[in-house]
Asker: 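Sharing a structure here in structure tokens format.
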Amino acid sequence: MSNFKNTETALIHGGISIDERTGAVNIPIYQTSTYKQDGLGKMRGYEYSRTGNPTREALEALIAELEGGYAGFAFGSGMAALTAVLSLLHSGDRVLISSNVYGGTFRLLSKVFDHFDITYTISDTTDIASFEGDIAEDVKAVIIESPANPLMTVTDIRAVAEAAHRHGLLVIVDNTFMTPYLQKPLELGADIVVHSATKYLGGHSDVVSGLAVVNSKELAEKIAFIQNSTGGVLGPFDSFLLIRGIKTLAVRMDRHVYNAEKVADFLSKHDAVKNVYYPGLSDSQGYEVNRRQAKNGGAMISFELKDNYDINTFFESLQLVSLAESLGGVESLVCHPSSMTHASIPADIRKKVGITDGLIRLSVGIEQIDDIIEDVAQAIAKSERK
């Protein structure tokens with residue numbers, strides 16, 4: 001649990017923030033693979049950096065404190081973190097997943113874990129009765145994204161967790177979009193939180209990393225064993241970069257959200273825009289639920305232009321906003337989910353859940369807001385079919 005009352009302070013001083021040996025206010029990069037032992041069985045706390053490294057340990061302690069968990073674990077990517085978590089399951093187990101999730105999560109389940117007879121079912125986690133109706137004897141876990149990627153669908157995490165726990169399910173929440181600054185799923189009843197820390201936690205598009213936080217000693221021991229056995233750990237330099245990024249999370253997120261609210265308002269009033277998906281809009285799906293469980297609507301927006309606008313021209317006309325994979329960096333990024341982040345999901349499933357070919361996902365950066373809106377506006381104007 002956090003040692004600090006306010007998250008803003010814990011971001012800077014949480015976990016292991018001072019190097020005990022030197023007093024350095026930044027944990028050093030312990031760039032070593034192994035450690036000298038003073039005799040058989042006489043280690044100084046570390047033996048091999050896959051098993052443990054002081055820089056990674058500081059990061060893991062920090063994310064555990066920020067999420068209010070028992071222990072944290074750092075991996076080489078968000079998918080590596082989720083792979084470790086799903087490795088808790090056994091052959092014959094089934095997972096329920098929210099109706100729209102990151103394409104990589106879908107691919108991992110449908111193309112990798114299916115080899116081990118671990119299957120999935122898409123469930124409407126926004127409807128508790130429907131969700132509970134999908135729970136069968138072989139279902140052992142549920143993976144929630146709230147807001148979900150890319151339609152920003154909001155799930156009542158507490159309600160799903162209560163329903164899931166009545167049936168003995170493990171509740172896993174991907175908190176990438178919100179971060180522990182805006183939402184804390186463990187406090188809402190989740191068992192495990194995962195992050196693609198590449199995104200807002202790193203915040204500068206310069207490190208690929210993943211994190212997992214668990215709420216119990218039992219789960220911590222299991223994940224620690226899996227982490228050490230499979231070896232997808234985050235290196236010390238990347239751990240250092242991620243700690244550095246986390247220190248400024250609060251001020252960055254405040255600016256991200258401020259900008260996103262302005263952009264969402266602009267898009268919702270634009271004649272060329274058909275639909276806007278943003279949990280911070282009062283008429284959005286799940287607005288009241290999101291207000292209860294999160295600080296605000298976050299900084300991710302998806303939208304669709306009307307049929308007489310060409311999205312290819314829109315993307316090509318952007319000058320400030322970059323067309324690129326990923327999200328959560330200080331720079332504004334835009335992507336086309338159907339052909340980029342969610343291309344691994346079959347077209348019929350994308351259509352069924354509402355991920356249309358015209359959907360645009362915008363990660364709103366921290367640039368001056370007028371510049372962002374001006375760039376989006378001119379790209380929309382140029383994309384109109386005459």
Side-chain angles (χ1 to χ4, degrees), residues 1-20 23-27 54-74 144 146-147 154 156-159 161-162 171-197 199-204 209 211-217 219-220 223 239-261 279-280 288-299 328 330 366:
M1 299 301 291
S2 178
N3 297 317
F4 297 95
K5 179 180 178 180
N6 297 301
T7 301
E8 292 90 337
T9 301
L11 290 167
I12 299 167
H13 298 287
I16 304 169
S17 62
I18 302 294
D19 183 57
E20 290 287 338
V25 297
N26 288 301
I27 296 298
T55 316
R56 191 178 86 231
E57 182 182 70
L59 170 62
E60 293 173 331
L62 175 59
I63 193 58
E65 182 169 337
L66 294 175
E67 287 285 8
Y70 182 85
F73 302 90
I144 303 166
S146 187
V154 174
D156 188 331
I157 297 172
R158 188 183 300 280
E162 289 174 353
V171 178
I172 305 159
V173 176
D174 185 333
N175 203 30
T176 299
F177 274 18
M178 299 306 268
T179 81
Y181 180 59
L182 301 183
Q183 179 174 268
K184 299 194 178 186
L186 296 183
E187 294 181 357
L188 298 168
D191 300 298
I192 301 175
V193 172
V194 293
H195 291 274
S196 174
K199 314 306 195 285
Y200 289 109
L201 293 176
H204 295 79
S209 52
L211 299 170
V213 182
V214 300
N215 69 348
S216 70
K217 179 181 180 182
L219 284 173
I223 295 294
S239 295
F240 172 86
L241 285 177
L242 196 49
I243 292 171
R244 185 182 67 168
I246 288 172
K247 288 179 186 292
T248 61
L249 179 66
V251 291
R252 286 188 288 106
M253 289 307 298
D254 285 345
R255 180 60 173 260
H256 277 297
V257 173
Y258 172 83
N259 283 354
E261 290 174 347
E288 291 298 334
V289 172
N290 191 71
R291 282 187 65 188
R292 291 198 303 269
Q293 67 188 20
K295 188 173 182 180
N296 50 52
V330 292
I366 66 172

Asker: Are I18 and V25 packed together at the side-chain level, in the sense that at least one heavy-atom pair is separated by less than 4.5 angstrom?
Answerer: yes
Asker: Search all heavy atoms of G69 against all heavy atoms of V213 and return the closest pair with its distance.
Answerer: CA-CG1, 3.7 Å
Asker: Mind listing the closest non-hydrogen atom pair of N296 and E261 along with its distance?
Answerer: CB-OE2, 4.4 Å
Asker: What I'd like to find out is whether the side chain of P180 reaches to under 4.5 Å of the side chain of L201, using heavy atoms alone.
Answerer: yes
Asker: As an exercise, state the distance from CD of E187 to CD of Q293, rounded to the nearest 0.5 Å.
Answerer: 12.0 Å
Asker: To the nearest 0.5 Å, what is the distance between OG1 on T55 and CD on E60?
Answerer: 11.0 Å
Asker: Heavy atoms only: give me the nearest I63-G72 pair and the separation to one decimal.
Answerer: CG2-CA, 4.1 Å
Asker: Shortest non-hydrogen contact from I27 to S17?
Answerer: CD1-C, 4.1 Å
Asker: How far apart are the closest heavy atoms of A299 and A260, and which atoms are they?
Answerer: CA-CB, 3.5 Å
Asker: Taking atom CG of L59 and atom CG of L241, what is their separation to the nearest 0.5 Å?
Answerer: 10.5 Å
Asker: Just so I know, are the side chains of L186 and Y70 near enough to count as touching, which here means a heavy-atom distance under 4.5 Å?
Answerer: no
Asker: Taking only residues two or more places apart in sequence, or in another chain, which ones meet T7 in a side chain to side chain donor-acceptor pair (under 3.5 Å)?
Answerer: K184
Asker: If only atom types and distance count, is the side chain of N6 paired as donor or acceptor with the main-chain N or O of E8 below 3.5 Å?
Answerer: no
Asker: Would you give the length of the straight line joining atom CG of N175 to atom CG of L188, rounded to the nearest 0.5 angstrom?
Answerer: 9.0 Å
Asker: List the atom of E65, the atom of A10, and the distance in Å for their closest heavy-atom pair.
Answerer: OE2-CB, 4.2 Å
Asker: Can you tell if the side chain of L211 reaches within under 4.5 Å of the side chain of L242, non-hydrogen atoms only?
Answerer: yes
Asker: So do the side chains of K295 and V257 get within less than 4.5 Å of each other, counting heavy atoms only?
Answerer: no
Asker: NE2 of H195 to CD of E67: how many Å apart, nearest 0.5 Å?
Answerer: 3.5 Å
Asker: I need the S146 OG to D156 CG distance, nearest 0.5 Å.
Answerer: 8.5 Å
Asker: May I have all residue pairs that pass salt bridge (Lys or Arg N to Asp or Glu O under 4.0 Å) and include part of residues 245-256, sequence neighbours excluded?
Answerer: none
Asker: Parallel under 30°, tilted from 30 to 60°, perpendicular over 60°: which one fits the rings of H13 and F4?
Answerer: tilted
